[in-house]
Amino acid sequence: MQPTSAVREILITGGKTVRDVSEDISRQVEGKPTKLWWTAFSISLVLLMFGVYCLATVLWEGIGVWGLNKTVGWAWDITNFVWWVGIGHAGTLISAILLLFRQKWRMSINRAAEAMTIFAVICAATFPLVHMGRLWLGMYWVLPLPNTWGSLWANFNSPLLWDVFAITTYFTVSLVFWYIGLIPDFAVIRDRATRMGNKTRATIYNALSFGWDGAAKTWMRYESVALILAGLSTPLVLSVHTIVSFDFATSIVPGWHTTIFPPYFVAGAIFSGFAMVLTLLIVTRKVFKLEDYITIYHIELMNIVIIITGSIVGIAYITEFFVAWYGMVPAEYYAFYNRATGPYWWAYWSMMTCNVISPQLFWFKKLRTNIVTTFILSIVVNIGMWFERFVIIVTSVHRDYLPSSWSMFYPTMYDVGEYILTFGFFFTAFFLFAKFFPVINMAEVKSIIKSTSEKKH
Amino acid sequence: MSSTSEKFLVGIFDDEDILLHGVDGVRDKGVKIHEVYSPFPVHGLDEALGYKRTRLPIAAFIFGLTGTALALTMQIWMLGYDWPMIIGGKTLLHCLHSFRYFELTVLLSALGMVATFFIVSDMKPYKTPRSYDIRSTDDKHVMAIDLASNKLSKEDISRILKESGASEVNEKNF
């Protein structure tokens, strides 16, 4: 028997039984989609279609249709890439690191967070792929395949190549982790379909569950697999954004060339990832009536993670400024002075307000346990995190060492269009997931029902 | 699988703690348990059933080592021998390459372990598992006892199951 702590708060409310868990979570998979679902899904699909048009134009015409110029060679595309990769950090962090720390509150939120991770990483990958221009030749540059365009093999010294390896590994392992978690729940839906006499659904979900039987021996192996996957994913989560930060930190561009980048990027990634999880889950719990499973307590704990990571990010911003002043390198000093007071001052101060000031509001218990405040602030945080990447990327390169080449970046419809493409894809994929897959890990929640559920009387 | 029908007694348990005591009770009385099916992992059940620890971590380690070796071989051969190139004045093979060692180690370890898990557990998309009681994925713990591998009579086993906390005892033939 698992020892349970008396000081732990109740994780599942409403006096739920094990059977209620199957019933409540499977319902949305078994029922017909609601009008609200169709409306939201259609809007995402329209955004996706508009994005596909913009993407097709970029592929046909080349990336010259973007607003890039000779001075600013990385702008919206790489900003969006880093933003999406950052968002993709929360899922595996919740399921892997919180599993190793035996945090039971992760159980209600890990499934949706992992799905979000996978979709976010797909969104992120589109930007560097398209930025390569002729992406059909890209595989020779990013994969270790022999080629005749320049170097015979890929340059293993390039941080851009490290990124390819890091992100593809992260994506694959996260996908496997997510799917392994889904297997027992697919079997629940299969057996319910069998009982309801729905043969087609039973066959489909049986195939998805790989013929899961729930035997004690299989569970023993399954738990071992989950624990090792968590152990493997933990350094992976931390390494991915570290390597993304190397894309900048290993260069000699003032504003990028700083040793603080790896921990600062990882904290920022967790910060934005948790914010996106909150945005999605607040809507999901309402639409699917899951308030008993994703409680105010869960939301409060996530908000505490947001205060911690937001404060780390804030300290990193201030440290960067201090080091630029203390280091007395004129180019470095100017890069930071220009960030705060140059033509992009509005982006800088938007970032500071959204990322440093707004999460501090969560020190007040009343605010961090309020759904509306949390929802608004979760969106504010992600706006701030987008500006952070824009500030780092664009303001660092738009005024380089030669004042004659100083320039500004103005996005075109195609820059914006590709960003919309990823939003369209992300929400289309998330709505399909929420309709056809159980959004909460039933097996895990069932295992804690006895120790953490609110009793009926 | 034999062509003759296999007869099982199926004990249904409503709660994981009753099940754990039940497993001990049933085994103490000399009844051989075929398998227990649960809707969620029950901690301590594998020890109660006398299962040995899984060797999947060893598989994960071996696959991980394969990944490290593959990454090392690939890079040393590609950049050191096949087309040696000096990039940025750095030596041909230096420690910064270690990122790929790490990534390929993790990748192969994860994929190899999961593939091994599917193979040893005989899990595949086109497999239809035996269902001793359909509620075993919902809210009941199901203990299956193969009558052929037990010397005790059906009535005796049924009585032992009930005494050990089973809320129902059913018969199932395959």
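Here is the naming used below: chain letters follow the sequence lines, and residue numbers restart at 1 for every chain.
- Residue A110(B) touches chain A through both its backbone and its side chain, counting heavy-atom pairs closer than 4.5 Å.
- Among V142(B), D139(B), D138(B), the residue making the largest number of heavy-atom pairs under 4.5 Å with chain A is D138(B).
- Under 3.5 Å, the side chains of K446(A) and S22(A) contain a donor-acceptor pair of N or O atoms.
- Interface remark: V42(B) contributes no atoms to any contact with chain A (heavy atom separation under 4.5 Å).
- Enclosure of atom NZ in K32(B) is not indicated, since only 12 or fewer non-hydrogen atoms of other residues, nucleotides or ligands lie within 6.0 angstrom.
- The candidate from P57(B), A60(B), S131(B) with the greatest count of non-hydrogen atom pairs under 4.5 Å with chain A is P57(B).
- For the options L111(B), V114(B), T128(B), heavy-atom pairs under 4.5 Å to chain A are most numerous at V114(B).
- Contact tally against chain B (heavy-atom pairs below 4.5 Å) for T172(A), I183(A), L227(A), L236(A): the top residue is L236(A).
- Only the side chain of R190(A) comes within contact range of chain B, judged by heavy atoms closer than 4.5 Å.
- Other residues, nucleotides and ligands contribute at most 12 non-hydrogen atoms within 6.0 Å of the CZ atom of F61(B).
- Side-chain atoms of D156(B) and S153(B) include a donor-acceptor pair closer than 3.5 Å.
- Proximity to chain A is absent for every atom of Y132(B), based on heavy atoms less than 4.5 angstrom apart.
- When heavy atoms are compared at a cutoff of 4.5 Å, L49(B) approaches chain A solely by way of its side chain, counted from C-beta outward.
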- Apply the test ring pair (Phe, Tyr, Trp, His ring centres under 6.0 Å) to residues F165(A) and F102(B): give CA-CA distance (whole Å), side-chain angles for both, the deciding distance (0.1 Å), then the verdict. CA-CA 10 Å; F165(A) 277 81; F102(B) 168 69; over 10 Å; no

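- Taking the ring centre of F174(B) as origin, the terminal cationic atom of R130(B) falls inside the region bounded by 6.0 Å and 45° from the ring axis.
- Checked by atom type, the side-chain pair T92(A)/S174(A) shows a donor-acceptor distance below 3.5 Å.
- V176(A) touches chain B through its side chain: at least one heavy atom from C-beta onward sits under 4.5 Å away, while N, CA, C and O do not.
- Around the CZ atom of R55(B), the shell of radius 6.0 Å holds no more than 12 heavy atoms that belong to other residues, nucleotides or ligands.
- For chain B, the nearby part of S209(A) is the backbone; its heavy atoms alone come within less than 4.5 Å.
- No other option in R53(B), R135(B), M123(B) has as many heavy-atom pairs under 4.5 Å with chain A as M123(B).
- Counting heavy-atom pairs closer than 4.5 Å to chain B, the top-ranked of the candidates D191(A), V18(A), T194(A) is D191(A).
- The residue among S239(A), P184(A), G231(A) with the most heavy atom pairs within less than 4.5 Å of chain B is S239(A).
- The part of I180(A) that comes within reach of chain B is its side chain, from C-beta onward, which places non-hydrogen atoms under 4.5 angstrom from that chain.
- In this structure, chain A has heavy atoms under 4.5 Å from both the backbone and the side chain of I134(B).
- Between W212(A) and Y222(A), the ring planes lie perpendicular to each other; the angle is over 60°, past the 30° to 60° tilted range.
- Atom NZ of K127(B) sits in a crowded spot, with more than 12 heavy atoms from other residues, nucleotides or ligands closer than 6.0 Å.
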